Amino acid sequence: METCKGLLLLMVVLVLMVMQGRESEGQLAENFYSSTCPNVEFIVKQAVSTKLSQTPITIPSTLRLFFHDCFVEGCDASVMIASANGDAEKDFTDNLSLAGDGFDTVIKAKQAVEALCPGVVSCADILALAARDCVVLAGGPAFSVELGRRDGLVSQASQVAGNLPEPNFNLDQLNTMFAKHNLSQTDVVALSGAHTVGFSHCGRFSDRLSNFSSNSPVDPSLDPGYAKQLMGACPINADPVINLDPETPDTFDNAYYRNLVAGKGLLSSDQVLFSDSASQPTVIDFANNPGNFNGAFITAMRKLGRVGVKTGDQGEIRTDCTTFNS
């Protein structure tokens with residue numbers, strides 16, 4: 001009898017947990033600001049377009065900022081906080097390479113929104129909208145963004161370690177990290193497609209070009225011609241940036257996957273998506289069918305945008321994205 005009661009209590013607790021999780025997701029809605037700031041999407045897109053006209057780095061830097069934000073403390077703009085003590089999320093080693101143009105894109109968009117809808121729209125939502133707009137402005141698929149996130153109250157560099165994928169991760173490591181955020185292997189492959197734009201420092205992949213292993217100085221999964229090209233572009237004692245997509249670096253398309261099939265994935269964590277037989281079929285599918293990639297990317301971005309969101313009376317609506325209200 002006691003066992004039955006215990007099982008019943010456990011079932012009730014589990015049901016309540018599932019309902020609570022759904023309720024949290026349910027508080028996000030595409031029309032969240034329809035009555036409080038109906039033009040927010042137009043305002044943000046205009047700000048992103050203006051920033052893009054000033055520098056093409058706007059696109060990859062804003063997309064990367066969104067990803068780094070969501071994987072630490074959830075999608076709550078905690079990565080935007082600036083600390084006088086140098087101990088905020090953005091100060092952690094892996095985040096020091098986040099380009100300032102991504103931060104500036106969100107700051108400028110927030111200022112434009114505040115001018116018309118003061119104290120209404122969160123920095124977290126503005127970052128999510130800006131990331132979507134960057135995809136579209138680079139030629140990628142259009143999609144709706146769920147809104148209603150609130151800004152987080154915590155931003156600590158100490159919380160970043162172990163929560164962002166490393167450039168040498170294998171598929172199992174990628175899957176494990178993404179699974180913590182309810183993202184599947186297909187989501188891993190699809191979100192990695194954002195590397196169709198942007199760049200990386202030579203130091204993030206130089207180990208693939210020399211002393212890779214005792215049997216092979218150069219990573220054998222690299223196309224030999226591409227490896228030679230990278231060697232020439234990455235001189236010793238220098239750390240320049242190299243396009244992640246050598247074919248169409250400024251266009252959001254499926255060329256990234258065709259590059260992987262050709263052995264031209266810049267990072268080890270890129271190329272492993274093709275090298276590993278578990279994910280290879282998805283890479284080949286996306287390489288041959290841009291529509292399939294676009295659909296999977298939209299699904300993955302919407303799922304990513306729900307990670308660890310603060311809603312209702314959680315968090316705050318920051319006036320300035322770089323500082324807490326109090």
Side-chain angles (χ1 to χ4, degrees), residues 30 33 39-71 75-80 90 95 97-113 121-147 149 164-165 183 187 189-200 241 243-245 247-257 266 270 286 290 293-307 321-322:
E30 293 170 17
Y33 299 109
N39 294 321
V40 60
E41 296 201 36
F42 173 78
I43 299 169
V44 172
K45 186 170 185 178
Q46 195 171 46
V48 175
S49 298
T50 299
K51 181 66 181 178
L52 178 59
S53 69
Q54 298 166 355
T55 172
I57 297 175
T58 299
I59 289 171
S61 61
T62 306
L63 267 174
R64 189 164 177 243
L65 188 65
F66 180 58
F67 180 86
H68 279 231
D69 182 49
C70 291
F71 262 46
C75 307
D76 65 353
S78 51
V79 75
M80 295 293 302
K90 66 182 295 186
N95 281 337
S97 61
L98 290 171
D101 291 295
F103 292 97
D104 192 52
T105 299
V106 178
I107 290 169
K108 293 289 174 55
K110 173 65 170 176
Q111 290 171 345
V113 171
V121 183
S122 67
C123 299
D125 276 346
I126 288 174
L127 175 53
L129 287 170
R132 184 273 311 273
D133 292 339
C134 284
V135 171
V136 176
L137 290 169
F143 56 96
S144 300
V145 176
E146 295 172 319
L147 302 169
R149 300 168 190 80
L164 293 173
L183 295 166
D187 297 326
V189 180
L191 289 171
S192 296
H195 283 178
T196 186
V197 292
F199 47 83
S200 178
V241 294
N243 288 325
L244 287 160
D245 176 354
E247 305 301 326
T248 57
D250 297 320
T251 304
F252 196 97
D253 55 21
N254 68 327
Y256 167 81
Y257 300 101
L266 187 64
D270 289 322
F286 291 172
F293 161 55
N294 287 343
F297 183 79
I298 290 170
T299 297
M301 280 291 280
R302 287 171 66 87
K303 289 174 66 176
L304 175 62
R306 298 172 189 146
V307 171
C321 290
T322 66

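Atoms considered below: every heavy atom in the structure, side chains included; atoms not considered: hydrogens, waters and symmetry mates. Not measured: the values here are computed from a predicted model. Numbering starts at 1 and runs along the sequence shown.
Between the CG atom in D187 and the NZ atom in K303 there is a gap of 3.5 Å [rounded to 0.5 Å]. The CG atom of L127 sits 7.0 Å away from atom SG of C70, with the distance rounded to the nearest 0.5 Å. Put simply, CG on L98 and CZ on F67 are 11.5 Å apart, with the number rounded to the nearest 0.5 Å. Between atom CG of residue N294 and atom CG of residue N254 there is a gap of 7.5 Å, rounded to the nearest 0.5 Å. Here L266 contributes atom CG and H195 contributes atom NE2; the two are 9.0 Å apart, rounded to the nearest 0.5 Å. Here the CZ-CG distance, from F66 to L129, works out to 9.5 Å after rounding to the nearest 0.5 Å.
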Does the side-chain contact (heavy atoms from CB on, under 4.5 Å) test come out yes or no for F252 and I59, once each step is laid out? CA-CA 10 Å; F252 196 97; I59 289 171; 5.9 Å; no
Carefully, step by step, assess F103 and L65 under the rule side-chain contact (heavy atoms from CB on, under 4.5 Å). CA-CA 8 Å; F103 292 97; L65 188 65; 3.5 Å; yes
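In this structure, Y256 has its ring center no closer than 6.0 Å to that of F293.
Residues S122 and Y33 form a side-chain contact, since some pair of their non-hydrogen atoms from C-beta on lies under 4.5 Å apart. The closest side-chain heavy-atom distance from L244 to P249 is not below 4.5 Å. Side chains of M301 and R132 form no contact here, defined as non-hydrogen atoms less than 4.5 Å apart.
Residue V197 forms a side chain to side chain contact (heavy atoms under 4.5 Å, CB included) with just one option from L63, D250, I57, and that option is L63. Between K51 and the choices D104, T58, T105, the side-chain hydrogen bond (donor to acceptor under 3.5 Å, both in side chains) rule is met once, by D104. Screening R64, K90, H68 for a side-chain hydrogen bond (donor to acceptor under 3.5 Å, both in side chains) involving N95 leaves a single residue, H68.
Summarising the geometry of V136 relative to P141, their closest heavy-atom pair is CG2-O, 3.6 Å, with the distance given to 0.1 Å. In this structure, A142 and I298 approach most closely via the heavy-atom pair O-CD1, 3.8 Å. Counting all heavy atoms, side chain and backbone alike, M80 lies closest to C321 at CB-O, 3.3 Å. When all heavy atoms of A300 and L191 are compared, the closest pair comes out as CB-CG, 3.7 Å. Of all heavy-atom pairs spanning C75 and L304, the tightest one is SG-O, 3.1 Å. Smallest separation of non-hydrogen atoms from V145 and R302: N-NH1, 4.4 Å.
Remark: D125 engages R149 in a salt bridge (Lys or Arg N to Asp or Glu O under 4.0 Å) (not counting sequence neighbours). For C134, there are no disulfide bond (SG atoms under 2.5 Å apart) partners at least two apart in sequence or on another chain.
Checking D245 against T196 by side-chain atom types alone, a donor-acceptor pair falls below 3.5 Å. D253 and T248 form a side-chain donor-acceptor contact under 3.5 Å, judged by distance and modelled atom types alone.
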